[in-house]
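Start at 1 with the first residue, then count along the sequence.
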Amino acid sequence: MQHDSDPRFAQNPDTAALMEQILYEVKRVVVGQDRFLERVMVALLAGGHLLVEGVPGLAKTLTVKTLANALQGQFKRIQFTPDLVPADLIGTRVYNQKTGDFSTALGPVFTHLLLADEINRAPAKVQSALLEVMQERQVTIAGHTHFVPEPFLVMATQNPIETEGTYPLPEAQVDRFMMKVLVGYPTDEEEFVIAQRVTGPRIDINPVASMEQLAALQRECRQVYVDPSLVQYAVKLVSATRAPANAGLKELAPMLSFGASPRATIGLIEGARALAMMRGRTYALPEDMGDLVHDVLRHRLVLSYEALSEGLSADQILMQVMAKVTAPPRPLQHEKIAA
């Protein structure tokens, strides 16, 4: 019995139509970058944050801003610079001379979609100010807790070219990001269309959904079925980065100083759910999880000096891990869910 013919696993047609409308509206403005846009949608549905690495001019800001307009959500952009202080990010207490009282001025993190541009240009003190809000969805100012709007997504960008005057992100900060996506140059055909659109008439974005509808999509995403064998697959993949020898990858042990944390396992499961939902299914398959392994794990591996001296990248190590850790067979039916 195939899933596609089973009414228990049929996706709500309204859900599929809504996601199609959102993607169509964004792609009216953003040319190409299909993989990047798919990962942004996965992060939105799964409620995770995104770290994006790419050279300037690849429509990273435009994608998030267009998505915010299509979803009628608040969008704010922070340009990270070396002189930024935490108060510029989360807000501060302001003294009113007329009344003699203090009031709270909330910072730009209080938004639905936050773009932290060139996050590695700010010192660690500012980067760590994002820690609480990314994990807890709240900010503490002068002992008072303020909650950010829901849904809430942080998309941070890094420029891989210029390293002078940058501050590497702490491991605790990097681990808060569900995925790290690498954005590449467009093809010649895509660049031709980009030039036509940018130099042509302005395209106005039509709002096609609301933040309430996005929150409903997120709740629906949590109902996507993940087979226990897939959860076990995620655990084995992540475990292989911590103890490669136990997975039969003894040669990788000197290459890794630290492996991925349990957040990576959770990210793989939540990401597979979101990707399955985008592909029109209410159940996740091994290929959904496999497609996200590099994005979820590449920034969580701490490579040793030996690996760096040999020119090994995290992606190359992950390819070896995926080749060794076999994916579970594609499940044909799930009788447990019927119960």
Is any side-chain heavy atom of His112 closer than 4.5 Å to a side-chain heavy atom of Leu153?
no
For Ser304, enumerate each residue passing the side-chain hydrogen bond (donor to acceptor under 3.5 Å, both in side chains) test, keeping only those at least two apart in sequence or located in another chain.
none
Under the side-chain hydrogen bond (donor to acceptor under 3.5 Å, both in side chains) rule, collect the residues that match up with Asp117, sequence neighbours excluded.
Arg77, Thr157
Got Gln223 and Arg219 here, is their nearest side-chain heavy-atom distance under 4.5 Å?
no
Determine, stepwise, if the pair Asp288 / Arg281 fulfils side-chain contact (heavy atoms from CB on, under 4.5 Å).
CA-CA 11 Å; Asp288 298 323; Arg281 284 183 270 101; 2.8 Å; yes
Summary of salt bridge (charged side-chain N to carboxylate O under 4.0 Å, His left out) pairs that have at least one residue in residues 41-59, sequence neighbours excluded:
Glu53-Lys180
Phe36 six-ring centre to Arg39 NZ/CZ under 6.0 Å and within 45° of normal
no
For Ile119 and Leu130: C-alpha separation, side-chain torsions, deciding distance, then whether side-chain contact (heavy atoms from CB on, under 4.5 Å) applies.
CA-CA 10 Å; Ile119 189 173; Leu130 272 178; 3.8 Å; yes
About how many Å separate CG of Leu67 and CG of Leu37, when rounded to the nearest 0.5 Å?
7.0 Å
Return the minimal non-hydrogen interatomic distance between Gly290 and Met322, and the atom names on each side.
O-CE, 3.7 Å
Please list all pairs meeting salt bridge (charged side-chain N to carboxylate O under 4.0 Å, His left out) that have one or both residues in residues 18-34, counting only residues at least two apart or in different chains.
Glu25-Arg28, Lys27-Asp34
Does the side chain of Leu182 come within less than 4.5 Å of His294's, by heavy atoms?
no
According to the salt bridge (charged side-chain N to carboxylate O under 4.0 Å, His left out) rule, which pairs have a member within residues 302-329, sequence neighbours left out?
Arg298-Asp315
What's the separation between atom CD in Gln218 and atom CG in Leu45, rounded to the nearest 0.5 Å?
7.0 Å
Side-chain ion pair, Glu38 and Arg35, N-O less than 4.0 Å
no
Could you check whether any side-chain heavy atom of Leu268 comes within less than 4.5 Å of a side-chain heavy atom of Tyr233, counting everything from C-beta outward?
no
Suppose clustering is done on Ile, Leu, Val, Met, Phe, Trp and Tyr with side-chain heavy atoms closer than 4.5 Å. Which residues sit in the same group as Ile194?
Val31, Val193, Val198
